[in-house]
Every structure is written in structure tokens, then in C-alpha cells.
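Below is one structure, written out as C-alpha cells; comments come after it.
Lettering of chains follows the sequences in order, A, B, ..., and the numbering in each one begins at 1.
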There are 2 protein chains.
Amino acid sequence: MKVLAIYCHPEPRSFTRAVLDVAMHAVKDAGHGFDCIDLYADRFDPVAGWHDFEAPSDPDYFHYQTEQRLAHEGGTFAPVLRDYQRRVAEADLLVPIFPLWWGGPPAMLKGWFDRVMAYGFAYVDGARFESGLFAGKRALVAVTTGGTQARFSDDGTYGSIDKVLWPLLHCQLRYLGYAVAEPFVAYAAPRVSQEERSDLLNSWARRLTALLESDATP
Amino acid sequence: MKVLAIYCHPEPRSFTRAVLDVAMHAVKDAGHGFDCIDLYADRFDPVAGWHDFEAPSDPDYFHYQTEQRLAHEGGTFAPVLRDYQRRVAEADLLVPIFPLWWGGPPAMLKGWFDRVMAYGFAYVDGARFESGLFAGKRALVAVTTGGTQARFSDDGTYGSIDKVLWPLLHCQLRYLGYAVAEPFVAYAAPRVSQEERSDLLNSWARRLTALLESDATP
């Protein structure tokens with residue numbers, strides 16, 4: 001198995017970073033391959049634009065999907081996008097790791113989907129969900145929140161975590177064909193004790209290891 | 001009434017841009033004030049980071065909410081953020097206008113929320129939803145989609161549009177205190193006839209005008 005983490009947090013000593021480090025050790029200890037895209041370390045620019053393409057087909061009118069299709073056919077995506085796409089294609093398990101900001105991934109991670117998961121490379125007309133181009137691959141999202149678990153319950157003020165994460169889990173990952181495991185959520189990470197943080201990280205390592213050992217679709 | 005549009009599309013001749021132009025004329029014709037933040041024209045950087053702050057309090061550890069709180073207290077947000085915050089504070093009606101990419105706003109608009117709707121300025125502990133700092137203001141989202149309305153129905157492949165937009169409508173706008181009107185959605189904008197586009201734009205103008213004429217909370 002090859003695991004690709006997509007990590008997005010501005011602080012190298014954050015709890016979210018510890019989630020990444022634990023994942024790396026768990027994957028390597030289990031004898032699998034581990035790759036990581038560290039978006040802040042890469043200074044990734046999440047803004048979609050002409051810089052996505054080495055040879056725009058119609059520089060007078062920006063039609064994103066058309067340019068993406070042609071860039072995929074011609075191999076003319078910007079080098080940074082081609083590199084990320086190669087690593088996505090090679091990975092069996094995608095693991096986005098991020099803090100929940102305003103009910104979703106930070107803009108940097110959203111823009112990584114906008115730019116990297118491009119038409120032609122990641123999806124085409126008529127191929128989505130079960131027939132998506134990435135069918136056979138799996139995805140496991142790890143997210144840290146400021147709010148407590150109660151706030152993300154069905155009756156909670158924010159709505160259930162499944163509802164909050166729907167655009168990512170369903171409209172992005174499942175749409176692409178990924179079999180999406182139940183997300184790992186570290187609730188109220190900034191407010192819990194050091195011992196509780198250790199427990200969270202241990203349970204995260206177990207979740208990931210169990211998924212790696214399981215051949216079944218999650 | 002003062003209306004502030006937050007517009008995010010890379011192509012100046014797009015249908016989404018026509019939605020903005022129609023909004024501008026409708027608001028001005030009704031005798032209200034109109035302001036627009038054009039994120040692509042502004043080359044807005046959506047990545048949260050040290051550049052948000054003129055005088056970071058702890059340059060060795062990036063704690064976003066703490067830095068935001070102190071920047072709000074000290075008036076030390078980066079000038080671009082202070083300018084946007086002033087315009088948000090002045091506006092009675094916020095109108096985000098964008099294409100739906102991967103089930104949500106483009107990264108540029110997500111990052112505008114991450115950076116501009118900052119702790120201290122836009123929210124504080126214990127003030128959310130009905131007691132949010134922007135209670136009394138209204139918000140009306142206008143979104144263009146590639147997918148048809150059927151795909152965004154309760155039984156549709158993407159789930160209802162309310163479910164897809166939940167993080168924006170609920171976790172962001174309602175959380176801040178905005179009274180959120182039913183979103184205007186131009187479904188399948190790239191696939192419909194010129195006549196249908198005209199109809200969509202006319203119905204958008206009527207929606208916006210009716211909201212401006214109504215004093216009731218939407």
C-alpha cells in the first residue's frame with residue numbers, strides 16, 4: 001500500500017502536525033509506503049488561474065475545465081500540478097490532515113483540490129462515484145476542531161460532523177471514486193489535556209493501522 | 001441599505017460575472033449603496049499566515065486566533081484585511097457571488113473568510129448565531145453550478161443544495177449572526193440557452209430587489 005498524506009497547517013508544532021507525524025510512523029511501522037504533501041512547506045498557491053497551464057489554448061477566455069482537459073491531454077499542466085497528480089495517481093490511500101476552519105479545510109487545501117483534482121486527470125463526464133476514475137482507492141480524513149463533539153452532534157449548533165464535512169467527503173472524495181472511511185476527528189484539540197491528546201493520537205494510530213490491515217472497502 | 005458583493009471568478013466575461021453586474025444595477029437602481037470586492041481583480045492571497053499581521057505577538061508559534069484577537073485589539077491587521085473588514089462592518093447586506101467548485105466556493109473565497117472574518121473582528125467566544133456580532137445584518141448567496149438542479153435535489157447525487165452549502169450558510173454566515181436568505185442558484189449555467197440565462201438573470205434581479213424592499217428578516 002502507498003499512503004499519501006495531504007497536510008495543511010501553518011504551525012510545525014501544532015497538534016495537527018502531531019497527527020501527521022503519528023500517521024507517518026504508523027504507516028512506515030506497518031511496512032507501507034508513505035508520501036506527504038506539506039502544503040505550507042511547499043508554499044502552495046491555492047488560486048486557480050492561468051498559471052495552472054504551460055500552454056493555454058484560449059488566453060482570451062478562461063474556461064477552467066476546458067483548459068484542464070487540454071492540459072491533461074497535452075501534458076501541459078504546470079510542473080507543480082503534474083508532480084502532485086503523479087503522487088495522487090500512485091497512492092492507494094489518500095489522507096487529508098487539516099484543522100477545521102469555518103466548517104471546512106483551510107483555503108490552501110480547498111485550492112489543492114480545485115487545481116490538482118483537475119478535469120481529465122481526476123474526473124471526466126459520466127465517471128463519478130462508483131464509476132469514478134479513482135475507484136479502488138481509499139480515503140481517510142483526519143481533522144482537528146476547536147469545537148467540542150457536542151457542538152458537532154445531530155442536535156449541535158454546527159450540525160453533525162458528517163454534515164459539515166459533506167462537501168469534502170461526498171462532493172469531492174466519493175465523487176472521485178474514493179471509498180471514504182469514517183473520518184477521524186480530534187474534537188476540541190486546543191482545549192483538552194496533554195493526556196487526552198495522547199489518547200487521541202493513539203486512537204488515530206490504531207484507526208489508520210486497522211484500515212491498512214483491512215482489505216475490505218471501508 | 002449598503003450592499004457588499006464578494007465576487008470570485010477568474011473570467012471577466014463569465015456568466016457569474018453577469019450575476020455580479022445585474023446585482024450592481026439592481027442595487028443602484030433601487031437607490032441603495034453598492035460596494036464590491038472583486039477577489040481576482042484584487043489578486044487576493046487566500047493563504048492564512050504571518051502576513052495577516054503587522055506585529056505578531058509570538059513569531060515562534062503561529063496560533064491563528066490569538067494573533068487575530070491581538071491584531072484586532074491593537075489595530076495591527078495587515079492593511080488589506082483592515083480595508084476588507086471596514087467594508088464588511090459598513091455593509092447591511094453581504095452578497096457572496098461565486099461558481100460552485102468541488103461543492104464549495106473557490107479557495108480564494110474560502111480564504112477570504114479564513115483571513116477577513118477574524119476572531120475579535122467577526123466573532124468572539126460566546127457570541128454566535130442569534131448573538132453573533134453581525135446580528136442585524138443579512139446575507140444572500142448567489143452561486144452558479146455546472147450540475148443540473150436534479151443532481152442537487154434531496155435524492156440527487158450531490159445532495160440538496162442546502163446540504164452542499166451548509167458550511168457556508170450555517171457554519172460561516174449564520175454563525176456570524178447574519179440572517180441568511182435562501183440562496184440564489186443558477187443551475188447548469190454553462191449548459192442552458194441564452195434565453196434561459198436571461199431568465200435566470202432577471203429572476204436574480206427580482207430576488208435581490210425584493211430582499212432590499214423587505215424589512216423583515218429573511
### Query
What part of B/F44 lies closer than 4.5 angstrom to a heavy atom of chain A: side chain, backbone, both or neither?
backbone

### Message
Counting only non-hydrogen atoms closer than 4.5 Å, does B/L100 touch chain A with its backbone (N, CA, C, O), its side chain (CB onward), both, or neither?
### Response
neither

#### Entry: Nearest heavy atoms of B/V47 and A/P46, plus distance in Å
CG2-CD, 3.5 Å

### Nearest atoms (heavy-atom pairs only) where B/P167 meets A/G103
CB-O, 3.5 Å

Side chain from CB out, backbone as N, CA, C, O: work out which of these in [X] comes under 4.5 Å of a heavy atom of chain B, or both, or neither.
{"X": "A/P105", "value": "backbone"}
{"X": "A/R128", "value": "side chain"}
{"X": "A/L173", "value": "neither"}
{"X": "A/Y158", "value": "both"}

### Message
Checking the side chain of B/K110 only, and the main-chain atoms of A/W101 only, is there a donor and an acceptor separated by less than 3.5 Å?
### Response
yes

### Query
Donor-acceptor pair, B/H170 side chain versus A/V164 backbone, under 3.5 Å?
no

### Message
Using 0.5 Å steps for rounding, measure from the NZ atom of B/K163 to the SG atom of A/C171.
### Response
9.0 Å

#### Entry: Heavy-atom contacts under 4.5 Å, residues 58-81 of chain A to chain B
A/D60, A/Y61, A/F62, A/Y64

Determine the option with the most heavy-atom pairs under 4.5 angstrom with chain A, choosing from [options].
{"options": "B/R13, B/M108, B/R174, B/M117", "value": "B/R13"}
{"options": "B/P99, B/P190, B/P106, B/A48", "value": "B/A48"}
{"options": "B/L39, B/L165, B/T157", "value": "B/T157"}

### Message
Within a 6.0 Å radius of atom CZ on A/R86, are there more than 12 heavy atoms belonging to other residues, nucleotides or ligands?
### Response
yes

### Message
If we check ring pair (Phe, Tyr, Trp, His ring centres under 6.0 Å) with B/W102, which of these qualifies: A/Y119, A/W112, A/Y123, A/W166?
### Response
A/Y123

## Note on the structure
The salt bridge (charged side-chain N to carboxylate O under 4.0 Å, His left out) partners of B/D35 (sequence neighbours excluded) come to B/R87

